[in-house]
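Report on the following structure.
The figures here come from the full heavy-atom set of this structure, side chains too, leaving out hydrogens, waters and symmetry mates. None of the values given here were measured: they were computed from a predicted structure. In listed order, ligands and their atoms are each counted from 1.
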Amino acid sequence: MQTLLRQVDEDSLALAARLIRAGELVAFPTETVYGLGGNALDEAAVLKIFAAKDRPADNPLIVHLYDIAQADALCRFTGAAEKLARVFWPGPLTMLLEKHKSVPAVVTAGLNTLALRLPSHAGAQRFLRRCGLPVAAPSANRSGKPSPTSARHVWDDLQGRIPLILDGGDCEVGLESTVLDLSGERPVILRPGAVTREQIISVLGACDLAPSIMRPLREGEDARSPGMRHRHYAPKARLSLVQGEPEQVAHTIRQLYDSQPKACILAMHGHLPEYGQRAVLDLGQDAAEAAHRLFGLLRQCDALGVEQIYCECLPREGMGLAVMNRLARAAEFDIIQAVV
Ligand code: TXA
Ligand code: MG
């Protein structure tokens, strides 16, 4: 299949909407990462999404809306959901709610909850509005790879597998949305993102973090979010995280790096001088910048043929928790304690 790569404009949006309504797939920009969209109400289109990504069938998809009014036809949109939507939609928050029968079971991998999100990216909103229907969309990467934060990343992963990629520039947030389970007694974050636990508490008064956010699932443990079971965000290189006091972290990383021929370091901007002439990539000034850059840097390491990446840990608060969640999974929880 030939893949077209087009800037978001009236012509490309008209084509995109035609493709979606004909049961085809379109990759589109959002403020978090690029999505791979198909008609959520068309089972055959949804199956194409799983095939294009090589995604395991037990990993459910997020349905994207352009208007809150669409939600009632798809799920039981609760009072808590309404309160959150008023504050965080459009934006990087996905809510899990009790699904209605109108949504094909393939979308939710047979679960009785449905993940819903209303993105804020102008290109995403124009695309969804033109389609005029709920669009199921996982991140537009090949399964297991870092999520795509530019149209170029999507091209590298899905070229030849889908008819159209809409280019809306680099994704501002750079990490996927916060996934919040509202189907139980208390709200639980299954995947941390730009909408933080503190922000959700400020609206609902309570919000828990799923224990599996910073550690591997244990034998027999219920995943809640099936995505947690799969290897994720992973570059080809082995990734090791180093935690501890900044000076000790830098010392440990220097030692590890110097005994490894094809290594690369990911470090916060202020720490770059610690690494001298070594190959080091800049995570930026703060957690938000690290989030924005992370997936692109992991892909860059692959392009450079790096075999081992050493990465500094960030404080696990606010956006730092989301960055550390992705890093820990990409590293398969290889976290080294720095010592002098
Ligand atoms: O920012 C984002 O959320 C992006 C953009 C495109 O919107 N989408 C995205 O989709 O990251 P995906 O499929 O890569 O990640 C969705 C996550 C997966 O971990 C999946 O297991 C979980 O949400 N999920 C989806 N529906 C679920 C459900 N009903 N119950 C539990 N987890 C669910
Ligand atoms: Mg994904």
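Every N/O-N/O distance between Tyr34 and ligand 1 stays at or above 3.5 Å. Checked against a 3.5 angstrom limit, the closest N/O atoms of Lys53 and ligand 1 fall outside it. Of the polar atoms of Glu176, none of the N or O atoms is found under 3.5 Å from an N or O of ligand 1, judged by distance alone.
With hydrogens and angles ignored, the 3.5 Å screen pairs no side-chain donor or acceptor of Arg238 with any backbone N or O of Glu307.
Which of Leu190, Leu111, Val63, Asn59 comes nearest to atom 20 (C) of ligand 1 through a heavy atom is settled by distance: it is Asn59. Distances from atom 4 (C) of ligand 1 to the heavy atoms of Leu93, Val33, Val173, Thr30 show the closest one on Val33.
In this structure, Ile62 has a heavy atom closer than 4.0 Å to ligand 1. At least one heavy atom of His64 sits under 4.0 Å from some atom of ligand 1.
Proximity of Glu31 to ligand 1, defined as any heavy-atom pair under 4.0 Å, is not found for any part of the residue. Only the side chain of Thr32 comes within 4.0 Å of ligand 1, counting heavy atoms alone; its backbone N, CA, C and O stay farther away. At a heavy-atom distance under 4.0 Å, only side-chain atoms of Leu96, from C-beta outward, approach ligand 1.
Remark: ligand 1 atoms within the under-4.0 Å shell around heavy atoms of Pro138 are 10 (O), 12 (P), 13 (O). Contact atoms of ligand 1 toward Leu61: 26 (N) (distance under 4.0 Å to a heavy atom of the residue). Annotation for ligand 1: atoms under 4.0 Å from non-hydrogen atoms of Gly35 are 6 (C). Each of the following atoms of ligand 1 lies closer than 4.0 Å to a heavy atom of Ala115: 25 (C), 26 (N).
Screening Arg142, Arg55, Lys145 for a salt bridge (charged side-chain N to carboxylate O under 4.0 Å, His left out) involving Asp157 leaves a single residue, Lys145.
By the 4.5 Å heavy-atom criterion applied to side chains, Arg130 and Glu10 are counted as neighbours.
No more than 12 heavy atoms of other residues, nucleotides or ligands lie within 6.0 Å of CD in Glu247, so this atom counts as exposed by the packing criterion. Residue Gln199 places its CD atom among more than 12 non-hydrogen atoms of other residues, nucleotides or ligands, all under 6.0 Å distant. Under a cut-off of 6.0 angstrom, the local environment of CD in Gln337 is crowded, with over 12 non-hydrogen atoms contributed by other residues, nucleotides or ligands. The number of heavy-atom neighbours closer than 6.0 Å to CD of Gln2, taken from other residues, nucleotides and ligands shown, is 12 or below.
Applying the salt bridge (Lys or Arg N to Asp or Glu O under 4.0 Å) rule to Lys83 yields no partners; only residues at least two apart in sequence or on another chain are considered.
In this structure, Thr94 OG1 and Leu96 CG are separated by 8.0 Å, a value rounded to the nearest 0.5 Å.
For the residue pair Gln308 / Ser240, a side-chain donor-acceptor distance below 3.5 Å is found, with atom types taken as modelled. Under the 3.5 Å distance criterion, with hydrogens and angles disregarded, a donor-acceptor pair is assigned to the side chains of Gln243 and Arg316. Side-chain contact annotation: Arg117 with Thr32, donor-acceptor N/O pair under 3.5 Å present.
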>> Asp258 vs Arg278, test: salt bridge (charged side-chain N to carboxylate O under 4.0 Å, His left out). Steps then yes/no.
In response: CA-CA 9 Å; Asp258 291 345; Arg278 296 171 181 86; 2.9 Å; yes
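For the Mg ion (ligand 2), the count of nearby protein N, O or S atoms, meaning those under 2.8 Å away, is 1.
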